[in-house]
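One structure below.
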Amino acid sequence: AQSVTQLGSHVSVSEGALVLLRCNYSSSVPPYLFWYVQYPNQGLQLLLKYTTGATLVKGINGFEAEFKKSETSFHLTKPSAHMSDAAEYFCAVSERDDKIIFGKGTRLHILP
Amino acid sequence: DVKVTQSSRYLVKRTGEKVFLECVQDMDHENMFWYRQDPGLGLRLIYFSYDVKMKEKGDIPEGYSVSREKKERFSLILESASTNQTSMYLCASSSPRTANYGYTFGSGTRLTVV
């Protein structure tokens, strides 16, 4: 069965510092992988996704993620954090069956 | 711009009331989903539907039912609301036909049961 583990329910970084949010997955087939972002009192917005092809995926707002099959990971990074990046981030996996499984989320705090 | 619209952003209901949460999408998507979101628990799937008049139980269906009479509308029903159903409810839709795979979410309904 597919599952997603996000390491750290809260992550704090200084403004301008590197953002790294960790995600590991399990899947019995080559997965589709997603990162979603949720700002306060809003729904989830797709940040980026991996389906096939290039393993380094670029998304909105300067975020990117790399699919590493050998490590079963799909970590999210951004070179320089901005105050507006403060939000909750969800990693998700799908075995291409129209059903997406979400991680428990990581709340990103940006320190001035 | 494509949209999933949830009828209420905030809702306060009394224990024992029958509650309807409505979700409408304008993308002609076949699939629709209802999740609840609670701190520390992430998103948990309540019910989903792959077509009109079809429904399948998710991971936590107890205390809920759904209705999908039209393709664009998916309703979540709390038959007798209880305080432990106080939560954020998120609706999403998707289509296997499109290359843009992934869910589109509504803005959520924050339900408080008192």
Side-chain angles (χ1 to χ4, degrees), chain A residues 1-11 21 23-25 27 29-53 57 59-60 65 67 74 87-109, chain B residues 1-11 21 23 25 27 29-51 54 56-60 87-112:
Chain A
Q2 52 190 326
S3 66
V4 178
T5 302
Q6 292 184 239
L7 189 63
S9 57
H10 292 265
V11 170
L21 303 184
C23 173
N24 289 91
Y25 70 90
S27 176
V29 301
Y32 289 164
L33 295 161
F34 308 83
W35 277 99
Y36 283 84
V37 60
Q38 185 182 34
Y39 298 103
N41 293 313
Q42 293 188 26
L44 275 69
Q45 177 184 1
L46 183 65
L47 205 53
L48 51 79
K49 66 182 176 186
Y50 168 79
T51 53
T52 57
V57 181
I60 60 173
F67 169 52
F74 191 56
E88 190 155 21
Y89 293 80
F90 292 90
C91 182
V93 62
S94 171
E95 292 187 339
R96 308 169 183 227
D97 60 352
D98 301 324
K99 202 168 165 190
I100 298 179
I101 304 300
F102 291 86
K104 288 185 166 34
T106 297
R107 187 167 295 278
L108 177 64
H109 304 272
Chain B
D1 201 12
V2 294
K3 267 191 175 175
V4 176
T5 302
Q6 295 184 231
S7 54
S8 304
R9 291 298 303 275
Y10 300 93
L11 213 51
L21 302 184
C23 176
Q25 50 93 4
M27 297 164 283
H29 281 176
E30 290 84 354
N31 307 332
M32 296 188 76
F33 307 84
W34 274 106
Y35 288 87
R36 67 175 281 176
Q37 181 181 14
D38 300 288
L41 298 178
L43 277 71
R44 293 181 291 169
L45 183 62
I46 305 171
Y47 268 96
F48 59 103
S49 169
Y50 286 155
D51 202 350
M54 290 182 65
E56 294 195 41
K57 293 180 179 179
D59 300 319
I60 52 162
S87 186
M88 173 72 130
Y89 290 87
L90 292 166
C91 176
S93 72
S94 72
S95 173
R97 295 181 285 110
T98 67
N100 194 25
Y101 187 86
Y103 291 1
T104 300
F105 280 88
S107 297
T109 296
R110 188 167 293 281
L111 173 68
T112 303

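Naming convention: chains lettered A, B, ... in sequence-line order (proteins, then strands); numbering from 1 in each chain.
- With sequence neighbours left out, A/V57 forms a side chain to side chain contact (heavy atoms under 4.5 Å, CB included) with A/L48, A/Y50.
- Taking CZ of A/F102 as the reference point, atom OH of B/Y103 lies at 6.0 Å (rounded to 0.5 Å).
- Separating the CG atom in B/N31 from the CD1 atom in A/I100 is a distance of 10.0 Å, to the nearest 0.5 Å.
- The two residues B/L45 and A/K99 come nearest to each other via the heavy atoms CD2-CE, 3.6 Å.
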A/E88 vs B/Q37, side chain to side chain contact (heavy atoms under 4.5 Å, CB included): CA-CA, chis, key distance, verdict: CA-CA 12 Å; A/E88 190 155 21; B/Q37 181 181 14; 4.1 Å; yes
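- The two residues A/F90 and B/L43 make their nearest non-hydrogen contact at CE2-CD1, 3.5 Å.
- Contacts of A/Q38 with chain B are made by side-chain atoms alone, with heavy-atom separations under 4.5 Å and no backbone atom involved.
- For B/L11, the CG atom is densely surrounded, since the number of other residues' heavy atoms within 6.0 Å is greater than 12.
- Partners of B/S107 by side chain to side chain contact (heavy atoms under 4.5 Å, CB included), not counting sequence neighbours, listed by chain and number: B/R9.
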